[in-house]
Amino acid sequence: MLFMELDHGAILREESGNDTPKIVRLVIGNPLIMKEMAKHAPDAGSYAPITILVDERPEGGVRLSYDRMASLLAPYGSADALAIARDLDSKIETLLRESAG
């Protein structure tokens, strides 16, 4: 589910008067997955929904960035939340690979 789309590049384009850079932050997620993580680690709500950054580079190409949920939840010590986060990371990484392909 797309919760929000933020055009970070708009600020830079406005300043330069150019039509680049194109940088978009997508805030996406599945509320059911977040609910399951939050049952085991309430702090998961600080990181969900997730953010994907789509950054068109001046030299060509596009970079997709994502901070893994498992790395964000690891310090909270919940094995159950971590298992759900790892599964989420796998789904997101598959989505990103397929989108970039």
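Position 1 is the first residue of the sequence, and the numbers go up from there.
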Revision key, fill the gap. For Tyr66 and Ile50, the nearest pair of non-hydrogen atoms, with its separation, is CE1-CD1, 3.4 Å

Practice item. For Thr94 and Ser90, indicate whether the former's side chain and the latter's backbone hold a donor-acceptor pair under 3.5 Å. Key: yes

Check your understanding: Which value, rounded to the nearest 0.5 Å, describes the distance between Leu6 atom CG and Ile11 atom CD1?
Key -> 9.5 Å

Exercise for review: Determine, using the 4.5 Å side-chain heavy-atom cutoff (strictly less than), whether Leu96 and Ile33 are members of one ILVMFWY cluster.
Suggested key: yes

Check your understanding: Just how far is it from atom CD1 of Ile52 to atom CG of Leu95, taken to the nearest 0.5 Å?
Key -> 6.0 Å

Point to revise | ILVMFWY cluster, Ile92 and Val54 together (side-chain gap under 4.5 Å) | key: yes

**Study point:** Beyond-backbone contact of Ser71 with Tyr47, side-chain heavy atoms, under 4.5 angstrom
**Key:** no

Review point. For the atom pair CG (Asp67) and OG1 (Thr51), what is the distance rounded to the nearest 0.5 Å?
Key: 8.0 Å

Review point. With sequence neighbours excluded, what pairs up with Ala38 under the side-chain contact (heavy atoms from CB on, under 4.5 Å) test?
Key: Met34

Check your understanding: Can Met69 be reached from Tyr76 by stepping across I, L, V, M, F, W or Y side chains whose heavy atoms are under 4.5 Å apart?
Key -> yes

Practice item. Would you confirm whether Asp89, through its side chain, and Ala70, through its main-chain N or O, come within 3.5 Å as a donor-acceptor pair? Key: yes

Practice item. Return the minimal non-hydrogen interatomic distance between Ala81 and Leu73, and the atom names on each side. Key: O-CD1, 4.1 Å

Study note, to complete from the structure: To the nearest 0.5 Å, atom CG of Leu2 lies from atom CG of Leu26 at 6.0 Å

Exercise for review: Under 4.5 Å between side-chain heavy atoms, chaining through other members, with only Ile, Leu, Val, Met, Phe, Trp and Tyr counted: pull out the rest of the cluster around Leu12, sorted by chain and number.
Suggested key: Ile23, Leu53

Review point. What is the distance from atom CG of Asp7 to atom CZ of Arg13, rounded to the nearest 0.5 Å?
Key: 4.0 Å

Point to revise | Spacing of CE belonging to Met37 relative to CG belonging to Leu88, to within rounding of 0.5 Å | key: 5.5 Å

Practice item. Would you check if the side chain of Asn30 reaches a backbone N or O of Leu32 as a donor-acceptor pair within less than 3.5 Å? Key: yes

